Amino acid sequence: MSNEMQGFNKEAIDKKIGLELTKQHPWRNKFHLEMPFGLINDPNGLCFNEGLYHIFMQWNPWGCEHKHKCWAHVQTRDFVHYKRPELALWPADAWDKDGCYSGSAWVQEGNVQVAYTGNVKYEDGRRGSFQRLGRLLPDGTVQREKLLIAAPPPGYTAHFRDPYYFKKEDREYLLLAGQTEGLQGRVLLYGKGAGGWEFLGPVKTGLADFGYMWECPNLLQFAEGDLLLFCPQGLPEEPYRFQNLYQSGYLWGSLQLNPPAFEAAGDFTELDQGFDFYAPQAFAQGERNILIGWAGMPEKEAEYPTREWGWMHALTLPRQLSLREGRLYQEPLQELEALRGPSVTFAEAAAVPVVVKLNRAQEVQLEVQLGPNTVQVELALAFGAEKLVLVYDRKQQLMTLDRRQMHLGGQGLRRFKLQVDDRLKLHFFVDATLVEFFFQDGAKAATVALFPEEAVPPVLTVAAEGGRVVGTSWSLGSFIYEG
Ligand code: FRU
C-alpha cells in the first residue's frame, strides 16, 4: 500500500470535519451542502432508508484538485437537519487505489447497498475501471463486498463508470457510463442474472454521434414514462444550448430492456441553464423523484476562488421532479420551506426599478406581470459594486444570465429560450456563493456560482416598462449539523 493510501484515517478526517465546520467565512454557504475542506463533485448514493435520506458525494479531503476521490456522507431526516458529514469510503486496495468514483445506492433488507467505480491508473498509462458493491455499516463506513463487473464490455474503452442501480419488472439493472472504441459516448445496460451481471448492450438512442463520453447515467420511472439522464461531453456549443464545457440533460420516453433501446419523445434537453451544474443524481422516494446536482463544472477550477481558502464546490438544493403535459419541471423540495424566516411582500409598478433589500441567505418568489408594451424585463442582484444581471427579451422569448459584472470567479453569459405569456415567474435562492433560479414554476432552472468580494447583503432590482412586480422574499436560516 502506498503512503498516500495509508493517509486515509477516518477518525482524524472526521475530527477535522468537526473542527472546520465551526469556522466562519463569508463564502461558506448556509443552506447548500458542501465540505469545509477539500474538493467535492458529484452527488452519489442518494437513497432513503428508515426515515433517513442518505447523501454521499465525491470528495478529495487532501486538496482542491480532482484526485484521491473518496465518498463523503451526510444523512438527514428533513433536508434541514443533517448528521455531521463523515468520510465513508476511500481508496484502499488494488481495485480502487486511484479513486472511489461515482455510483448509486439502494436499500436491500434494511441495508444501504452502494455500487461505485474503482478507478486504477497503471504505470503504463492504462486505466482500470472496476464496478464494485459495498454496504453502509453502522460505523459510517462502506464495507466492500464483491466485484460486480471486472472490465468494460468488448468494443468499449476503460472510460466505464458511474453504476446506477434500478429495478424494473422485478429484475435488477445497472446503467453504466461508457465510451465506444470509436470514441462515442454511450449508456450501457447490465441485468442481474443467476450467474452475475450480464451485459445486455448499449441503450440505443437516436443520438449516435453526440459527444465522446456520456457520464453519470440515471433512470427515473414515472407513471407517464421513463426519464434517462446522462452527461454528454464534447458537444459543440450552440447559441442557446450546450454553453457549458460539459452538459447534463435527459431524454424523456420509454426504456426497452431487451434489446436495450430508449424511444425518446423529444430531443435531449438540458436540466439547468446556469454556469455551474453537472453530474446530477436522482432517486425515487415513494411517489417523489428527487434530484441533486453538483453546483460546479470540471476543469474550471480557476472559476471557484474558495480554492484559495481550502475548499471547493457545493451541491445544489434537492429538487423535486415532476412531469406535466410531457414537460419536466424542477422545484425546490417543499421541506426547504422550514428554513424560512421573516418575510417581506411587495407589489409595485416596475417602470421605475423596484428595489428589494435582501439578506445573504434569501429566498424570493416573484411574478412580473407584463403589460401590452413591455418588451424587456431586467433583474439585477447587486453585491456592492458587483452584479448578476438577468435580461428577458419578450419578443425573442430569450433569457440572458450575465455574470460579467462580478469581479472574482467565473464570468460570461448564458442564454436560453424561455416561454412566457404575460407573467414571468421566478423563484430563486441566494446563498453565500450560489444562486439557484427556477423559472415558470420550474420549467427551467439555472445554477449560478458567485463570489462577491465584499460581504454585503445583496439588493434586488426589477425593471419592466409597463409591467408590475409582485412577490415575497424570505430570510432563510442555515442547515443545522448535529452530532
Ligand atoms: C463526473 C465524474 C464521474 C466520475 C467522477 C470522478 O463529474 O467524472 O464520471 O465517476 O466524476 O470524480
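Just so you know, these numbers come straight off a predicted model, no measurement behind them. Computed over heavy atoms, backbone and side chain alike; hydrogens, waters and symmetry mates excluded. Just follow the structure's listing: the first ligand is 1, and inside any ligand the first atom is 1.
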task = State yes or no: are the ring centers of Phe79 and Tyr53 separated by less than 6.0 Å?
result = yes
ask   = Just by distance, with hydrogens left out, do Gln281 and Asn218 show a side-chain donor and acceptor under 3.5 Å apart?
value = no
inquiry  = Tell me which one of Phe37, Trp294, Phe8 satisfies ring-ring contact (aromatic ring centres under 6.0 Å, His included) with Trp59.
reply    = Phe37
key: Atoms of ligand 1, numbered as shown, that sit under 4.0 Å from any heavy atom of Asn41   = 5 (C), 6 (C), 7 (O), 11 (O), 12 (O)
SB check Arg132 Asp93 (cutoff 4.0 Å) = yes
Atoms of ligand 1, numbered as shown, that sit under 4.0 Å from any heavy atom of Tyr278 = 1 (C), 7 (O)
message = Rounded at 0.5 Å granularity, tell me how far CD in Gln243 sits from CZ in Arg415.
response = 7.5 Å
task = Using a strict cut-off of 4.0 Å, indicate which atoms of ligand 1 neighbour a heavy atom of Gln58.
result = 5 (C), 6 (C), 12 (O)
Ser102: numbered ligand 1 atoms lying under 4.0 Å from its heavy atoms = 5 (C), 10 (O)
Residue, atom name and distance, where the atom is the protein heavy atom closest to atom 8 (O) of ligand 1 = Glu215 OE2, 2.8 Å
query = Do Gln233 and Glu215 get their side chains close enough for a donor-acceptor pair, meaning under 3.5 Å?
reply = yes
request  = Report the member of Leu39, Ile40, Asp162, Asp42 with the shortest heavy-atom distance to atom 1 (C) of ligand 1.
outcome  = Asp42
ask   = Just distances here: any N/O of Lys69 and N/O of ligand 1 closer than 3.5 Å?
value = yes
